[in-house]
Amino acid sequence: MMICDESHVLQPLNGRATALFETENLRGDLIAARPSHPLSRLITEVLSTSTGEVTRRLVTFPSGRRYTVEASGRSRKGLRRWLVLLLEPIREAALDEQSALERWPLTQRERDVAGRIVRGLSNDAIARDIGISPETVKTHVHNIFEKSGTHSRAEFLAAVLRSK
């Protein structure tokens, strides 16, 4: 558990968060120092919304580790509030997706998208995760299906699993 205070500084609130800061090389000024970091983008998005709803997302850090992040919604006080973040690591499946994806001539960006398809992300989630538009994701998905000879996410996943 960590907080983002009213000055947009991240602070770990427990031992697991402190360990996460060390493991992922996070700093309190993450939002200002690394605005393109997926956690910075999520925090900025939550703070810019007008709803008080809790946001729950799958976030892939630059290390490649994935976390489920739950962020408290904004209150009526506007930007001058503290945002509570709960991060839970996602256990990786025993699938070497990089090796599985090497059987097709995919570009690096297509591999990025294909890996997220294998992990079950939607086009919108993939777009948010890697910072591209949903339409661009749709184009990459079409190319992935064409190159892999598949026609759906389920068929593509089956082809990936068969190559294991």
Side-chain angles (χ1 to χ4, degrees), residues 2 4 8 10 16 19-27 30-74 83 85-164:
M2 62 182 73
C4 178
H8 299 156
L10 286 177
R16 288 179 72 185
L20 178 71
F21 265 62
E22 293 171 10
T23 302
E24 294 294 344
N25 196 26
L26 300 177
R27 305 184 336 209
L30 179 70
I31 296 165
R34 294 168 55 196
S36 65
H37 189 282
L39 188 57
S40 295
R41 290 194 317 253
L42 175 65
I43 292 168
T44 302
E45 178 185 329
V46 170
L47 290 175
S48 68
T49 62
S50 60
T51 66
E53 295 178 15
V54 171
T55 301
R56 186 176 174 94
R57 294 268 171 69
L58 177 67
V59 176
T60 304
F61 279 33
S63 67
R65 292 182 190 95
R66 298 178 326 139
Y67 298 88
T68 299
V69 181
E70 188 172 308
S72 61
R74 246 180 71 192
L83 182 66
L85 301 163
L86 301 173
L87 283 84
E88 186 67 36
I90 303 284
R91 285 191 236 172
E92 296 299 324
L95 171 65
D96 181 5
E97 72 186 39
Q98 283 305 108
S99 295
L101 296 175
E102 286 177 2
R103 57 189 285 216
W104 300 294
L106 303 176
T107 66
Q108 184 57 51
R109 184 56 93 184
E110 289 168 348
R111 284 182 198 279
D112 293 341
V113 172
R116 286 164 174 83
I117 291 170
V118 169
R119 293 182 213 136
L121 274 66
S122 68
N123 285 0
D124 286 339
I126 293 169
R128 281 191 305 267
D129 200 31
I130 60 179
I132 60 177
S133 77
E135 286 302 314
T136 301
V137 172
K138 188 175 178 180
T139 300
H140 288 311
V141 170
H142 172 78
N143 293 341
I144 291 163
F145 290 169
E146 189 172 292
K147 290 178 180 181
S148 65
T150 59
H151 301 91
S152 69
R153 288 171 187 263
E155 193 177 344
F156 176 71
L157 181 57
V160 170
L161 293 173
R162 276 193 303 273
S163 68
K164 184 177 171 185

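What you see below is based on every heavy atom in this structure, not just the backbone, and it leaves out hydrogens, waters and symmetry mates.
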Side-chain donor or acceptor of [X] paired with backbone N/O of [Y] under 3.5 Å:
X: S40; Y: S36; answer: no
X: T150; Y: E146; answer: no
X: R119; Y: A114; answer: no
X: T60; Y: R66; answer: no

Are [X] and [Y] side-chain neighbours, meaning at least one heavy-atom pair lies under 4.5 Å?
X: M2; Y: L87; answer: yes
X: V141; Y: R153; answer: yes
X: L10; Y: I43; answer: yes
X: L101; Y: V160; answer: yes
X: F61; Y: L26; answer: yes
X: I31; Y: C4; answer: yes
X: N123; Y: E135; answer: no

Applying the side chain to side chain contact (heavy atoms under 4.5 Å, CB included) test to L58, which of D129, V69, L121, I126 qualifies?
L121
Quick one: do R57 and E45 make a salt bridge, cutoff under 4.0 Å?
yes
Short N-O contact, R16 and E88, less than 4.0 angstrom:
yes
Straight-line distance of [X] [atom1] to [Y] [atom2], nearest 0.5 Å:
X: K147; Y: H142; atom1: NZ; atom2: NE2; result: 10.5 Å
X: N25; Y: S63; atom1: CG; atom2: OG; result: 10.0 Å
X: E110; Y: I144; atom1: CD; atom2: CD1; result: 5.5 Å

Nearest heavy-atom approach of P35 to R41 is O-CG, 3.5 Å
Can you see which heavy atom on Y67 is nearest to which on E24, and at what distance?
OH-OE2, 2.8 Å
Parallel, tilted or perpendicular: ring planes of W104 versus F156, cut at 30 and 60 degrees
tilted
Go through it in stages, so that I can follow the logic: the residues are L42 and R128, the test is side chain to side chain contact (heavy atoms under 4.5 Å, CB included), and I'd like the CA-CA distance, side-chain angles, deciding distance and then a yes or no.
CA-CA 9 Å; L42 175 65; R128 281 191 305 267; over 6 Å; no
Under 3.5 Å, is there a donor on one side chain and an acceptor on the other for S133 and T136?
yes
CA sep, side-chain torsions, deciding dist, call: R109, I130, side chain to side chain contact (heavy atoms under 4.5 Å, CB included)
CA-CA 9 Å; R109 184 56 93 184; I130 60 179; 3.6 Å; yes
